[in-house]
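Below is one structure, written out as structure tokens; the observations come after it.
Side chains are part of it too, since the values below use all heavy atoms of this structure and drop only hydrogens, waters and symmetry mates. Starting from 1, each residue takes its place in the sequence as its number. When a ligand or atom number is given, it counts from 1 through the structure's own listing order.
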Amino acid sequence: MRKIAWIFMLFVLAVASSYGQQTTSTQKNNQEKQKGLKDYYSTYFPIGVAVSPNALQTDEATLIKREFNSITAENAMKMGPIHPKENEYFWEDADAIVAFAQRNNMKMRGHTLCWHNQTPAWMFVDTKGDTVSKEVLLKRLKDHITTVVSRYKGKIYAWDVVNEVISDQEDEFYRQSAWYTICGEEFITEAFRYAHEADPQALLFYNDYNEIDAVKRKKIIQLVTDLKAAGVPIHGIGLQGHWAVNEPSADQLEKTLSDFVDTGLQLQVTELDISVYSKEHSGRESRPEDEHDVFTTEKEQQQMEIYKLCFELFRKYKKHLTGVTFWNVSDRHSWLDNFPVRGRKDYPLLFDQNLKPKKAYWEVVKF
Ligand code: HXH
């Protein structure tokens with residue numbers, strides 16, 4: 001009788017332990033099923049995302065870790081936020097983002113060292129409020145770049161050194177920014193030199209938008225070709241890629257990528273999003289009819305097709321394309337919520353407001 005009890009006990013234990021093993025392997029399967037964009041694209045290029053320090057404290061952090069293997073600070077490293085006063089840097093936000101990337105074995109892109117927007121008020125004036133000289137401004141630029149790049153040396157593998165210096169006007173080459181008006185084109189070459197001096201290992205990019213426009217593209221190509229020829233340390237071109245349901249066309253994007261490949265520099269798509277509204281190239285207030293312009297099934301379909309097209313071409317150009325970064329995490333919040341139309345919500349990303357993959361996501365990973 002005792003023997004039977006023992007056999008019964010052993011049987012119970014065996015069943016329990018195999019049940020335990022089963023749950024363990026089921027859990028493992030579940031983990032394997034949680035593939036992210038970075039896994040689908042592991043043999044192509046890193047997939048990045050622009051973040052705020054706040055996003056890293058919410059449930060978006062889990063999504064970021066699952067889907068992405070590269071991070072950019074959306075705002076925290078821009079000159080205004082990080083260098084609010086001449087003798088004062090604000091490191092907290094940028095440091096938190098770099099620490100998150102390091103903790104999670106992600107690559108980190110730096111954005112951006114020299115730009116005409118989000119610059120601190122003190123940068124272009126002296127204590128009396130008069131415009132500073134070229135010498136003073138270049139010295140300030142050098143101090144800024146040296147301090148920021150040195151702090152993250154070895155932690156940031158690529159920097160957007162100069163952002164958006166090419167004009168949108170057909171008959172004008174350089175944007176008439178304060179940098180340009182005070183220094184002439186020299187601030188561009190100097191910015192690259194300062195960055196290279198501070199971290200010789202970092203890859204240095206020129207970054208701009210609306211590169212799918214043939215006229216603007218030609219100017220960007222001219223700029224980077226001249227920089228390269230002059231021996232300026234530049235390694236890549238960042239195509240922001242703020243596109244929309246009505247652009248780019250397949251031919252336009254293919255021509256864009258192949259034209260840039262001809263420069264011999266590496267390419268990255270640095271700020272990808274696809275607005276569900278037709279592209280507008282100037283800002284405006286919202287109009288009553290905008291309210292009806294919501295995320296319809298038709299828009300969802302159009303957005304899915306553009307995303308599909310983009311990633312087909314990105315994969316085709318994988319030899320030259322060394323990264324694709326999304327500008328924001330999910331439709332819960334994006335910079336396009338207020339831009340270019342104030343107060344209008346946009347749905348430009350691959351994850352919806354509940355952080356669930358959208359239809360476009362499945363098209364991007366289906367290949
Ligand atoms: C990017 N500029 C910046 O690189 C990035 O740092 C920022 O967080 C978001 C977008 C894109 C941009 C370019 C031009 C522009 C606005 C945004 O100017 C316009 C003004 C009115 C209408 C359309 C464009």
Side-chain angles (χ1 to χ4, degrees), residues 48-55 70-83 93-94 97 108-120 144 148 156 158-170 172 174-180 188 191 204-213 215-217 219-220 223 236-248 256 267-287 290 323-331 333-344 346 348-349:
V49 64
V51 299
S52 65
N54 190 39
S70 176
I71 293 275
T72 306
E74 180 186 2
N75 290 304
M77 292 184 187
K78 289 173 180 169
M79 213 177 239
I82 211 168
H83 197 171
D93 288 354
I97 296 172
M108 177 89 214
R109 293 192 87 257
H111 176 85
T112 174
L113 297 170
C114 181
W115 189 29
H116 63 283
N117 266 333
Q118 293 183 254
T119 46
H144 173 80
V148 176
I156 289 185
W159 272 103
D160 290 331
V161 178
V162 174
N163 200 29
E164 307 179 348
V165 295
I166 294 296
S167 172
D168 287 316
Q169 290 168 36
E170 296 209 351
E172 187 177 79
Y174 288 114
R175 174 186 302 281
Q176 301 299 300
S177 67
W179 293 106
Y180 186 77
I188 304 168
L204 306 183
F205 282 74
Y206 173 71
N207 196 48
D208 212 330
Y209 65 93
N210 206 16
E211 58 293 315
I212 56 175
D213 177 271
V215 177
K216 184 140 179 211
R217 177 161 73 241
K219 289 189 275 186
I220 299 173
L223 170 70
I237 306 170
L239 319 180
Q240 291 185 5
H242 294 292
W243 296 323
V245 285
N246 64 329
E247 65 172 43
T256 301
L267 311 181
Q268 293 200 2
V269 176
T270 51
E271 305 185 19
L272 184 61
D273 43 36
I274 295 177
S275 169
V276 302
Y277 306 106
S278 291
K279 195 78 184 174
E280 294 186 48
H281 291 276
S282 58
R284 64 171 172 86
E285 294 297 332
S286 71
R287 295 192 283 251
D290 287 331
V324 173
T325 294
F326 287 84
W327 210 245
N328 297 130
V329 183
S330 76
D331 288 350
H333 154 81
S334 113
W335 74 290
L336 293 168
D337 283 345
N338 280 302
F339 185 87
V341 178
R342 261 178 293 282
R344 182 182 69 180
D346 208 334
L349 297 157

> Any ion pair linking E211 and R217 (charged N to carboxylate O, less than 4.0 Å)?
Replying inline: no
>> Test your reading of the model: is there a side-chain donor-acceptor pair from W179 to the backbone of W115, 3.5 Å cut-off?
In response: yes
>> In terms of relative ring orientation, are H242 and W335 parallel, tilted or perpendicular, with 30° and 60° separating the classes?
In response: perpendicular
>> So does E271 get a backbone contact from the side chain of Y209, meaning a donor-acceptor N/O pair under 3.5 Å?
In response: no
> If only atom types and distance count, is the side chain of S278 paired as donor or acceptor with the main-chain N or O of N246 below 3.5 Å?
Replying inline: no
So what's ligand 1 close to, N/O to N/O, under 3.5 Å?
| unit_1 | atom_1 | unit_2 | atom_2 | d |
| --- | --- | --- | --- | --- |
| ligand 1 | 2 (N) | E164 | OE2 | 2.8 |
| ligand 1 | 4 (O) | N163 | ND2 | 3.1 |
| ligand 1 | 4 (O) | E164 | OE2 | 3.4 |
| ligand 1 | 4 (O) | Q240 | NE2 | 3.2 |
| ligand 1 | 4 (O) | E271 | OE1 | 3.2 |
| ligand 1 | 4 (O) | E271 | OE2 | 2.8 |
| ligand 1 | 6 (O) | K78 | NZ | 2.9 |
| ligand 1 | 6 (O) | H111 | NE2 | 2.7 |
| ligand 1 | 8 (O) | K78 | NZ | 2.8 |
| ligand 1 | 8 (O) | W327 | NE1 | 3.1 |

>> When you compare the side chain of S275 with that of V245, does any pair of heavy atoms fall below 4.5 Å?
In response: no
